[in-house]
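Shown next, in structure tokens, is the structure this report addresses.
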Amino acid sequence: MGVSKRILVTGGAGFLGSYLCGRLLAQGHDVICLDNFHTGSLDNIAAYMGSDRFRLVRADVCEPFHAPVDQIFNLACPASPVHYQADPIRTMRTNVIGAMNLLDLATRTGARILQASTSEVYGDPLVHPQPEDYRGHVSITGIRACYDEGKRSAETLFYDYNRCHGTDIRIARIFNTYGPGMRADDGRVVSNFIVQALKGHSLTIYGDGRQTRSFCYRDDLVDGLIRLMNSDQAEPQAINLGNPGEFTMLELAEMVIDLTSSKSRLLFMPLPQDDPAQRRPDISRAQALLDWQPCIALRAGLKETVAYFERALNVVAA
Ligand code: NAD
Ligand code: UDP
């Protein structure tokens with residue numbers, strides 16, 4: 001184990017943030033989890049509350065925060081379209097004002113700061129798979145723009161703080177990530193399908209279900225985030241983190257029905273506005289610079305996630 005660091009995780013009570021806090025504590029670091037509990041929950045971090053190396057700060061990243069820290073992981077932002085679209089102005093504020101507050105903190109303390117950016121910066125991509133130098137095809141005014149443009153603005157701020165103040169930055173562009181710890185009412189496709197299948201409800205397919213996504217298991221993703229944070233970079237470079245395996249939503253639904261032995265049917269519903277038709281990361285940069293690639297296949301990761309939801313919902317698969 002390396003030297004113990006003081007690490008701030010914003011959004012630390014959320015799906016990915018809480019797992020990240022656990023990994024950092026296990027590595028011997030002191031962790032401050034800052035969260036406003038918009039989509040996060042105390043349950044996610046209950047296991048760490050007894051540790052004297054864990055501190056919870058109930059706060060909003062839109063307010064300035066002061067603490068001597070060595071590293072900052074900025075994960076604060078609802079990630080599910082349902083939740084980030086519920087209050088789009090708040091989503092934009094979290095992304096922009098939140099990023100500025102944390103960049104100010106990093107600049108003052110000399111901490112390295114990592115931004116949890118997203119594949120959404122590529123919008124509904126015209127280049128496939130998506131490499132980091134693709135500039136994207138993003139609606140400025142649609143219902144996803146509060147998140148997509150918010151995250152793009154945050155990346156811009158990160159680069160400008162680096163150029164203007166020498167702030168030590170890292171940017172991870174995260175592709176769809178799933179796993180144990182997601183909320184049953186998160187609204188994203190993997191949790192929706194599993195919860196629906198376990199309850200015997202119809203699986204809601206938006207559009208014709210032929211749109212594709214690439215799903216990365218939580219543990220693989222968080223491993224990539226920690227590697228990126230601790231990597232050397234002469235010049236800032238955004239890095240895609242995701243699993244290049246690409247599936248249609250129909251294939252995903254079939255796999256979930258199979259793994260849960262569910263009798264659920266498919267219910268086709270309208271495709272939401274600006275829903276990307278295809279998405280798959282080009283991860284050659286992560287492979288070359290971080291020696292990272294995901295090792296958990298979709299079926300294996302779904303099995304773990306189904307087992308988690310069976311426990312969480314207190315149901316046994318039929
Ligand atoms: P999540 O919604 O489970 O977690 C987000 C956390 O941020 C929650 O605990 C929430 O309460 C907190 N939060 C929201 N607004 C805040 C604010 N203003 N101040 C303080 N805390 C705030 O989502 P997640 O899947 O864990 O995603 C974590 C991060 O990773 C997000 O920034 C998201 O955009 C990014 N990301 C996730 C994915 C994915 O597939 N999971 C993909 C791309 C990017
Ligand atoms: N989707 C679906 N049924 C659902 C939820 C989502 O068919 O119950 C589709 C959605 O339209 C999108 C894909 O699944 O094409 C991934 O959606 P999600 O909200 O998980 O993430 P994002 O669209 O941000 O990639």
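Please read all numbers here as calculations on a predicted model, not as lab measurements. Computation of the quantities below employed the complete heavy-atom set of this structure, encompassing side-chain atoms and omitting hydrogens, waters and symmetry-equivalent molecules. Numbering of ligands and ligand atoms starts at 1, following listing order. The residues of the chain are indexed from 1 along the displayed sequence.
- Residue-to-ligand polar distances keep Gly17 apart from ligand 1: every N/O pair is separated by 3.5 Å or more.
- Residue contacts with ligand 2 include Glu120, since one or more of its heavy atoms lies under 4.0 Å from the ligand.
- Residue Thr177 has at least one nitrogen or oxygen atom sitting less than 3.5 Å from a nitrogen or oxygen atom of ligand 1, judged on distance alone.
- Checked by distance only, ligand 1 and Asp35 come closer than 3.5 Å through their nitrogen or oxygen atoms.
- Here's the thing with Asn192: one of its N/O atoms is less than 3.5 angstrom from an N/O atom of ligand 2.
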- For the pair Asp223 and Arg218, evaluate salt bridge (Lys or Arg N to Asp or Glu O under 4.0 Å) and give the outcome as yes or no after the intermediate values. CA-CA 9 Å; Asp223 179 47; Arg218 175 200 65 181; over 6 Å; no
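- Ligand 2 has no atom lying under 4.0 Å from any heavy atom of Met269.
- Nearest-residue assignment for atom 16 (C) of ligand 1 (options Asp60, Asn36, Asn95, Asn101; heavy-atom criterion): Asn36.
- Salt-bridge annotation for Arg108 and Asp104: absent, with no side-chain N of the basic residue lying under 4.0 Å from a carboxylate O of the acidic one.
- Note on Asp219 versus Arg23: no salt bridge recorded, every NZ/NE/NH1/NH2 to OD/OE distance being 4.0 Å or above.
- What sits closest to atom 3 (O) of ligand 1 on the protein, heavy atoms only, is Phe15 N, 2.9 Å.
- Taking all heavy atoms of Gln196, Gln211, Arg213 into account, the minimum distance to atom 16 (C) of ligand 2 is reached by Arg213.
- In this structure, Arg53 contributes its side chain and His29 its backbone to a donor-acceptor pair below 3.5 Å.
- Comparing Met249, Arg210, Arg144, Arg188 by heavy-atom distance to atom 13 (C) of ligand 2, the nearest is Met249.
- Residue contacts with ligand 1, taken as heavy atom pairs separated by less than 4.0 Å, involve Tyr147 solely via side-chain atoms from C-beta onward.
- Nearest protein heavy-atom contact of atom 10 (C) of ligand 1 is Thr39 OG1, 3.2 Å.
- No part of Ser41 comes within 4.0 Å of ligand 1, judged by heavy-atom distances.
- One finds the CG atom of Asn95 at 4.0 Å from the SG atom of Cys77 (value rounded to the nearest 0.5 Å).
- Looking only at protein heavy atoms, the nearest one to atom 5 (C) of ligand 1 is Cys77 O, 3.2 Å.
- Contacts with ligand 1 closer than 4.0 Å are made by heavy atoms of both the backbone and the side chain of Ile174.
- Note on ring orientation: taking the six-membered ring where Trp is involved, the planes of Tyr48 and Phe54 are perpendicular (angle over 60°, cut-offs 30° and 60°).
- For Asp60 and Arg93, the salt-bridge test fails: no basic side-chain N is under 4.0 Å from an acidic carboxylate O.
- For Ser117, the heavy-atom gap to ligand 1 drops under 4.0 angstrom.
- In this structure, a donor-acceptor pair under 3.5 Å is present between the side chains of Thr167 and Thr107.
- At least one heavy atom of Ala13 sits closer than 4.0 Å to an atom of ligand 1.
- The residues Arg6 and Asp30 are annotated as not salt-bridged, no charged nitrogen and carboxylate oxygen being separated by less than 4.0 angstrom.
- The existence of a salt bridge linking Glu155 and Arg152 is excluded, since no basic side-chain nitrogen approaches an acidic carboxylate oxygen closer than 4.0 Å.
- The protein heavy-atom contact nearest to atom 27 (O) of ligand 1 is Ala79 CB, 3.6 Å.
- Within the 4.0 Å heavy-atom criterion, the part of Ala59 lying near ligand 1 is the backbone and not the side chain.
- Proximity of Lys151 to ligand 1, defined as any heavy-atom pair under 4.0 Å, is confined to the side chain (atoms from C-beta onward).
- For atom 21 (O) of ligand 2, the nearest non-hydrogen atom of the protein is Asn176 ND2, 3.5 Å.
- For ligand 1, the polar-atom distance check against Leu34 finds no nitrogen or oxygen pair separated by under 3.5 Å.
- Closest heavy-atom approach to atom 29 (C) of ligand 1 within the set Leu75, Asp186, Val190: this belongs to Leu75.
- Looking at Arg299 and Asp258, a side-chain N of the basic residue comes within less than 4.0 Å of a carboxylate O on the acidic one, giving a salt bridge.
- The part of Arg188 lying near ligand 1 is the side chain, judged by heavy-atom distances below 4.0 Å.
- Applying side-chain contact (heavy atoms from CB on, under 4.5 Å) to Val61 and the options Leu102, Leu75, Asn101 leaves one that passes, Leu102.
- With respect to the salt-bridge test (charged N to carboxylate O, under 4.0 angstrom), the residues Lys5 and Asp70 do not qualify.
- Heavy-atom distances between Ser80 and ligand 1 stay at or above 4.0 Å for every pair.
- We find that Asp133 and Arg135 are not joined by a salt bridge, their nearest charged nitrogen and carboxylate oxygen being 4.0 Å or further apart.
- Taking atom 26 (O) of ligand 1 as the reference point, the nearest protein heavy-atom neighbour is Leu16 N, 2.8 Å.
- Using a 4.0 Å cut-off between a side-chain N of Lys or Arg and a carboxylate O of Asp or Glu, Glu120 and Lys151 do not qualify as a salt bridge.
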